[in-house]
Protein chains: 2
Amino acid sequence: MNPSKPVILLIEDDQQTRRFLKTSLGHKGWRIIEAGDGKTGLSMLKNDKPDLVVLDLGLPDMDGISVTKRLRQLSDIPVLILSARSQEQNKIMALDAGADDYLTKPFGAGELNSRLQALLRRINRGYPVSELFQTGQLKVDLAARKVFINNQEVNITPIEFRLLSILVRQAGLVATHRQMLTEVWGAEHINDQHYLRIYMGQLRHKLEINPARPRYLLTEIGVGYRLAVHEA
Amino acid sequence: MNPSKPVILLIEDDQQTRRFLKTSLGHKGWRIIEAGDGKTGLSMLKNDKPDLVVLDLGLPDMDGISVTKRLRQLSDIPVLILSARSQEQNKIMALDAGADDYLTKPFGAGELNSRLQALLRRINRGYPVSELFQTGQLKVDLAARKVFINNQEVNITPIEFRLLSILVRQAGLVATHRQMLTEVWGAEHINDQHYLRIYMGQLRHKLEINPARPRYLLTEIGVGYRLAVHEA
DNA sequence: GGGCTTGATGACATTTAGGTGACAAACCGT
DNA sequence: ACGGTTTGTCACCTAAATGTCATCAAGCCC
């Protein structure tokens, strides 16, 4: 995404913490963009495409758990939570809502930096960004969040895109119900296979010539779905 | 690797912590394998292919940072560090050595569980790899759940696939009735050999040129079935 | 505020796979 | 060759898995 300096979206209302992070992280080679509340944070996520999110749990407009869940619906970006609350229950809730790490105040800039680096390492070992995937007449640009069928761009909703990107990342292999449900809706929904039927149906409707006889989005009964690999 | 239960390699010398983790994590759906020192831990990493590593920094034989670095050389597996030391400098060193997370003792089993889940979420977004098994004109890709005969893909139902994978995993050797029945239908069906006849019949129908004279799926009368190994 | 898009949910239709019994064929020792 | 045993095949029924349609609530963009 940003080869030179990784971009952190900092969602934090407290001025003091913001200044502290801005200088300390800035010196360690990150670029910081800031939001003072949950709403602006979410919209900046869409517009500015940061590499990481650092989120304070105590925001003025929304509670932190909801922001986390919403972030997860919108993107797979790594999220590190900052919070004054150190009770185990708070940490569990945040992590289960989709956060990747949880750090309690007060904390040192060095530790935060190392934890962010660790997250970035992980994500960079994942799928390569900004690569065009193609199978048959279907093209998917994961980085740009764009999908083409017969060179015509198709409108894709966030959930549809996340399902599709799971399939693209392991094209030819089966994505299990379990995997798709946990990655998109969270571990507590592994039984809601209904969701998959609905959204896979919508994807087929948009991408397949004949949704009843899919060429790309294949069903593996009892297991999951598979993106078929075809020649161009 | 293990689709049902993720496997944790626990490298920890303290007996008490080991027992604590074994019971508390075991109840949350993980499978735990244990090593008492760094050397065994590293060798178990190679042999047992766990999904995650939980590593105590204070081991008898090697210092924790070296173990972490060595782990990183060997694999991309997620590593969570446990340690009694809570100084920032220790955390930074461990994280920079390649660890993904760092948790200080004492800690709650719930938090550890959620942190491990978070790591697993991340890693599951990588690429699975597939291996091809081949005998004669029959090819089986277990990871991709695909079966080919004469380079033509064959549709396989879940039960058929499970039977076939048992045979593939021990190609050339006999899979007993008992083994197949317990693995696919559960131990309470060891007498329902009828099931095997039906589904082996269906597999032959799909895979054999002449199902009456099978070249691949051979019957071992009174014992079980065997997948014949041929040259390509 | 009002139209539009998206996500969630329930009811229902459709497709596919699993289980069952009857019977045929192959095998094995005598 | 014979009878009992083991294995294979067929057709059918049922249950489970999947797909579709319609609807409602919430958020978003003018």
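Source: prediction; values computed, not measured. Just so it is clear: chains get the letters A, B, ... in the order the sequence lines come, proteins before strands, and each one is counted from 1.
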Peer 1: Expressed as a whole number of angstroms, how long is the span from Asp192(A):CG to dG7(C):P?
Peer 2: 16 Å
Peer 1: Atom CD of Glu208(A) to atom P of dT20(D): distance rounded to whole Å?
Peer 2: 11 Å
Peer 1: Of the nucleotides dT6(C), dT18(D), dG18(C), which has the atom closest to the Pro158(B) side chain?
Peer 2: dG18(C)
Peer 1: Report the distance from atom CG of Leu218(A) to atom C1' of dT16(C), rounded to the nearest whole Å.
Peer 2: 15 Å
Peer 1: Is any side-chain nitrogen or oxygen of Thr157(A) closer than 4.0 Å to OP1 or OP2 of dT5(C)?
Peer 2: no
Peer 1: Below 3.5 Å, does any donor atom in the side chain of His194(A) face an acceptor in the base of dG10(C), or the other way round?
Peer 2: yes
Peer 1: Using whole Å, report how far NZ of Lys206(B) lies from C1' of dA17(C).
Peer 2: 9 Å
Peer 1: Starting at atom CZ of Arg162(A), determine the distance to atom P of dA8(C), rounded to an integer number of angstrom.
Peer 2: 11 Å
Peer 1: State the CD1-CD1 distance between Ile8(B) and Ile77(B), to the nearest 0.5 angstrom.
Peer 2: 10.0 Å
Peer 1: Among dT18(D), dC28(C), dT6(C), which nucleotide has an atom closest to any side-chain atom of Asn155(A)?
Peer 2: dT6(C)
Peer 1: Between Tyr195(A) and dT9(C), does any side-chain N or O lie under 4.0 Å from OP1 or OP2?
Peer 2: yes
Peer 1: Taking only side-chain N and O atoms of Tyr225(A), does any of them lie within less than 4.0 angstrom of OP1 or OP2 on dG19(D)?
Peer 2: yes
Peer 1: What's the closest nucleotide to the Arg197(A) side chain, out of dT16(C), dT6(D), dT20(D)?
Peer 2: dT20(D)
Peer 1: Classify the nucleic acid contact of Leu196(B) as base, sugar-phosphate or nothing, counting any heavy atom under 4.0 Å across all strands shown.
Peer 2: nothing
Peer 1: Side-chain donor-acceptor pair under 3.5 Å between Thr219(B) and Arg204(B), yes or no?
Peer 2: yes
Peer 1: OP1 or OP2 of dA17(D) less than 4.0 angstrom from a side-chain nitrogen or oxygen of Gln193(A), does that happen here?
Peer 2: no
Peer 1: For the pair made of CE in Met180(B) and C1' in dT7(D), what is the distance, rounded to whole Å?
Peer 2: 14 Å
Peer 1: Using a cut-off of strictly less than 4.0 Å, decide whether Arg204(B) has a side-chain nitrogen or oxygen near OP1 or OP2 of dG8(D).
Peer 2: yes
Peer 1: For Asp51(A) and Trp30(A), which I'm curious about, is there any donor-acceptor pair between the side chains at under 3.5 Å?
Peer 2: no
Peer 1: In whole angstrom, give the distance that lies between atom CG of Leu217(A) and atom C1' of dT18(D).
Peer 2: 14 Å
Peer 1: Is there a side-chain contact between Trp185(A) and the phosphate of dG7(C), meaning an N or O under 4.0 Å from OP1 or OP2?
Peer 2: no
Peer 1: Closest nucleotide of DNA chain C for Tyr199(A) versus for Tyr199(B): which of these residues is on the 5' side?
Peer 2: Tyr199(A)
Peer 1: Under a 3.5 Å cutoff, is there a donor and acceptor pairing between the side chains of Thr135(A) and Tyr216(A)?
Peer 2: no
Peer 1: Please give, in whole Å, the distance from dA17(C) P to Ile156(B) CD1?
Peer 2: 10 Å
Peer 1: Quick check on dT18(D): is either OP1 or OP2 less than 4.0 Å from any side-chain nitrogen or oxygen of His177(A)?
Peer 2: yes
Peer 1: Select one nucleotide: of dT9(C), dG19(C), dT16(C), the one nearest the side-chain heavy atoms of Ile159(B).
Peer 2: dG19(C)
Peer 1: Could you tell me if Lys206(A) and Asn155(A) have a donor-acceptor pair between their side chains, going purely by distance under 3.5 Å?
Peer 2: no
Peer 1: Just how far is it from atom CZ of Arg213(B) to atom CG of Leu218(B), taken to the nearest 0.5 Å?
Peer 2: 12.5 Å
Peer 1: Is Thr219(A) near enough to dG19(D) that one of its side-chain N or O atoms lies under 4.0 angstrom from OP1 or OP2?
Peer 2: yes
